[in-house]
Amino acid sequence: WKQTLFNQFHDIIPGTAIEPVYVTANQGWEFVEQSTTQMISDALSQIAARISLPTPPTPGAIPLLIFNALNWSRTEVISLPLPNPQSWQISDADGKLLISQASAEYLLFLAADLPSVGYRLFWLSPAPLQQGAGDGFATFAANQTTSIQPATTETLASSDFIFKNQFLRVEIDRETGDIARIWDEINQREVLAPAGGNQLQAFTDSNQYWDAWNIDPQYAEHQLPPSQLRSIEWIETGAIRHRLRVVRELAGAEFCQDYILDIHTPILQIKTTVDWQAEHILVKANFPLNLTADKSTAEIACGAIERTTKPETPAEQAKWELPTHRWVDLSDNSGADGVSLLNDCKYGYDAGTDYLRLTLLRSPSWPDPIADRGHHEFTYSIYPHSGTWKAAQTVRKGYELNSPLQVFQLGLIQPSLSYADDSAASGEKNLPPASSLLDLSADNLILMAFKPSAHPAQPWVLRCYECHGEDSEINLNGELDLQIDRGVSLFDEPLAAPVETRSLMTDCQRLINPWQIRSFGVSCIT
């Protein structure tokens, strides 16, 4: 964490340092990634070793654990790299077969209802030589708590690229690679304006003294020629996922973008790779929308901020580029519907009353002459929704894009486990095949940390924040069987006298104010 914080220095973060700084910083990031990956692997291996496994559905079945680090239940498609994916099948903990989709390199399946800060067991088994896809879907549909229809493609002509699930119908323009249309099946509305969406736009971005710090205020007046489509082809089509690959050339760079629509979600992902070598060019992804909004809302640290889409004052007009974290939203003035734009690493945007534009790339030459040149991989997603961003749980959707699930094949990790706890090493199996270890019992609370305390007054510290600007109340549930003892400071120091039992915790002590960050000392009840 010290290396991470060191790399949060204000010149390192925005790309405004000189080249040798980034050589050193990237070495630090490699150390952080390797260390934290090993820590997570060790910790989850300890949990896995305590799970009491049910009887395998078939001989040779491999137990597969999927861990969810976020404090709410989630459902996502899992992509499992496997040799000969067609030779495997997926079952739930009870051995009931789930539908899967095989490609040349991996197996896809839907992991449903993964518990809050918890896990669920699945079985990976050798598939029979003859397996009917229809039978697999029938079993899948019968075991879901909600009705989810398989993704389907439509071919109106050999040159059309159309795919849908029960939430969205997506059409890709065969001439440009843009999104020609998104139809919201649930709310029966057009999401995009007639111009379409995901328009890659390039602008000359130069003549700034502070080159890496500032975007040219008049960049929009210097738009470069539009992108040119190089190829378009289906990569995957099936009951779990559709993936269409579009390759376009813009500003001398090749943008490879995969449109991904999964079976269970109203979110269209756009996974992008590009080798970026341009100079003084700004690239944005433009989404003209079929709505009117006076304000945009963007995530900031532990909160959200509204900004006008009709700038009038000099201060408002100076904000031609705006910061965001995991998401930005434009919701109709009527409050009936809106669109959120999620991202996993792109933190600049601009917005009007009827469009959102996400900044993808820049290429300043001072103080670092090769800033941002090289290979880039990133994902952004368009999320049409009804109601406001709060009702649509956009905060959660942003976290889910940025916090991938952890997948463990027990047959591969158990031989190399290194136990720090005697009970795990002795083979004690006291956890069920599916469990929520921690639940905050509120839709608008986000878990920030659960860690050993730095203060001897309590063993553990839990930190969370309120994400909707509304009052909330925290109550702890889960397999860990925790209770809140007291409020603590950011230094883990007690703020009030301890509470002897859960029943004595007052309503005032449980309440969390709008946008508030709260830290609590917690301990086990038993």
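Side chains of Y22 and W29 form no contact here, defined as non-hydrogen atoms less than 4.5 Å apart. Looking only at side-chain heavy atoms (C-beta outward), T379 and I270 stay at 4.5 Å or farther from each other. Here the side chains of L342 and T394 are in contact, with some heavy-atom distance below 4.5 Å. Between V191 and F287 the shortest side-chain heavy-atom distance does not fall below 4.5 Å. Looking at heavy atoms from C-beta onward, V77 lies in side-chain contact with L110 at the 4.5 angstrom threshold. At least one side-chain heavy atom of I474 sits less than 4.5 Å from a side-chain heavy atom of F520. With contacts defined as side-chain heavy-atom distances shorter than 4.5 Å, the pair E493/H455 qualifies. Side-chain atoms of I382 and I182, non-hydrogen and from C-beta on, do get closer than 4.5 Å to each other.
Rounding to the nearest 0.5 angstrom, the gap separating the OG atom in S206 from the CG atom in L282 is 11.0 Å. One finds the CG atom of N214 at 9.5 Å from the CG atom of D216 (value rounded to the nearest 0.5 Å). A distance of 10.0 Å separates OG1 of T16 from CG of D368, quoted to the nearest 0.5 Å. Put simply, SG on C302 and OH on Y465 are 5.5 Å apart, with the number rounded to the nearest 0.5 Å. Between I370 atom CD1 and S365 atom OG the span is 12.0 Å, to the nearest 0.5 Å. In this structure, CG on L330 lies 4.5 Å from CG on L356, to the nearest 0.5 angstrom.
Under the 30°/60° scheme for interplanar angles, the aromatic rings of Y399 and W72 are found to stand perpendicular. Using cut-offs of 30° and 60° on the angle between ring planes, the pair W234 and F161 is tilted. In this structure, Y383 and H385 have tilted ring planes: the angle between them lies in the 30° to 60° band. Taking the six-membered ring where tryptophan is involved, the planes of F255 and W276 are perpendicular, since the angle between them exceeds 60° and thus also 30°.
Between the side chains of T272 and Q257, at least one donor N or O lies within less than 3.5 Å of an accepting N or O. In the model, R357 has no side-chain atom that pairs as donor or acceptor with a side-chain atom of Q199 under 3.5 Å. Side-chain atoms of E400 and N402 include no donor-acceptor pair closer than 3.5 Å. Of the N and O atoms on the side chains of Y355 and T309, not one donor lies less than 3.5 Å from an acceptor on the other residue. Between the side chains of D211 and H280, at least one donor N or O lies within less than 3.5 Å of an accepting N or O. Using a 3.5 Å distance cut-off with no hydrogens or angles, the side chains of N68 and E76 do not pair a donor with an acceptor. Looking only at atom types and distance, the side chain of Y349 has no donor-acceptor partner in the side chain of N343 under 3.5 Å away. Counting only N and O atoms by type, the side chains of R241 and Q101 include no donor and acceptor under 3.5 Å apart. In this structure, a donor-acceptor pair under 3.5 Å is absent between the side chains of E466 and H468. S363 and D372 share no side-chain donor-acceptor pair at under 3.5 Å. N26 and E30 share no side-chain donor-acceptor pair at under 3.5 Å. Checked by atom type, the side-chain pair T359/E321 shows a donor-acceptor distance below 3.5 Å. Between the side chains of S296 and R307, no donor N or O sits under 3.5 Å from an acceptor N or O.
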Problem set entry | Evaluation steps, salt bridge (charged side-chain N to carboxylate O under 4.0 Å, His left out), between D344 and R326 | CA-CA 6 Å; D344 67 354; R326 301 173 188 87; over 6 Å; no
For this session: Could you walk me through whether F67 and I40 pass side-chain contact (heavy atoms from CB on, under 4.5 Å), step by step?
Result: CA-CA 11 Å; F67 292 88; I40 292 170; over 6 Å; no
Exercise. Yes or no on side-chain hydrogen bond (donor to acceptor under 3.5 Å, both in side chains) for D354 and T292, after CA distance, side-chain angles and deciding distance?
Worked result: CA-CA 5 Å; D354 59 357; T292 301; over 6 Å; no
For this session: Let me see the working for N444 and S472 under side-chain hydrogen bond (donor to acceptor under 3.5 Å, both in side chains), right down to the final yes or no.
Result: CA-CA 7 Å; N444 56 335; S472 187; 3.0 Å; yes
Problem set entry | Worked check of side-chain contact (heavy atoms from CB on, under 4.5 Å) between Y219 and I281 | CA-CA 9 Å; Y219 75 86; I281 302 296; over 6 Å; no
Problem set entry | Verdict with supporting geometry, D42 and Q38, side-chain hydrogen bond (donor to acceptor under 3.5 Å, both in side chains) | CA-CA 6 Å; D42 290 346; Q38 186 62 52; 2.8 Å; yes
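Within a 6.0 Å sphere centred on CD of E312, heavy atoms belonging to other residues, nucleotides or ligands number 12 at most. In E105, the CD atom is not crowded: 12 or fewer heavy atoms of neighbouring residues, nucleotides or ligands sit closer than 6.0 Å. Surrounding CG of N207 are at most 12 heavy atoms belonging to other residues, nucleotides or ligands under 6.0 Å away. More than 12 heavy atoms of other residues, nucleotides or ligands sit less than 6.0 Å from atom CD of Q317. Remark: F31 CZ is loosely packed, at most 12 non-hydrogen atoms of other residues, nucleotides or ligands lying under 6.0 Å away. Applying the 6.0 Å contact sphere to CZ of F9 captures more than 12 heavy atoms from other residues, nucleotides or ligands.
Under the 4.0 Å criterion applied to side-chain N and carboxylate O atoms, K284 and D350 are assigned as salt-bridge partners. Using a 4.0 Å cut-off between charged side-chain N and carboxylate O, R248 and D178 make a salt bridge. A salt bridge links R181 with E190: the closest approach of a Lys/Arg side-chain nitrogen to an acidic carboxylate oxygen falls below 4.0 angstrom. Salt bridge D337/R189: present, at least one basic N to carboxylate O contact under 4.0 Å. By the 4.0 Å N-to-carboxylate-O rule, R245 lies too far from E233 to be salt-bridged with it. A salt bridge does not link E171 with K164: none of the charged nitrogens is closer than 4.0 Å to a carboxylate oxygen. Contact check on R169 versus D184 returns no salt bridge, with no Lys/Arg side-chain nitrogen under 4.0 Å from an Asp/Glu carboxylate oxygen.
Between P288 and G196, the closest heavy-atom pair is CD-O, 3.0 Å. Here the closest heavy-atom approach between residue G338 and residue L291 is recorded as CA-CD2, 3.9 Å. When all heavy atoms of A239 and I263 are compared, the closest pair comes out as O-CD1, 3.4 Å. Heavy atoms only, all atoms of each residue included: A202 and A251 are closest at CB-CB, 4.3 Å. The heavy-atom pair separating Y259 from G177 by the smallest distance is OH-O, 2.7 Å. Shown here for D471 and N513, the closest heavy-atom pair between the two residues is OD1-CA, 4.0 Å.
Ring-centre distance between F450 and W460: below the 6.0 Å cut-off.
A cation-pi contact, defined as under 6.0 Å to the ring centre and within 45° of the axis, is absent between K346 and Y380.
Every residue meeting the salt bridge (charged side-chain N to carboxylate O under 4.0 Å, His left out) condition with K451, not counting sequence neighbours, appears here in chain and number order: D492.
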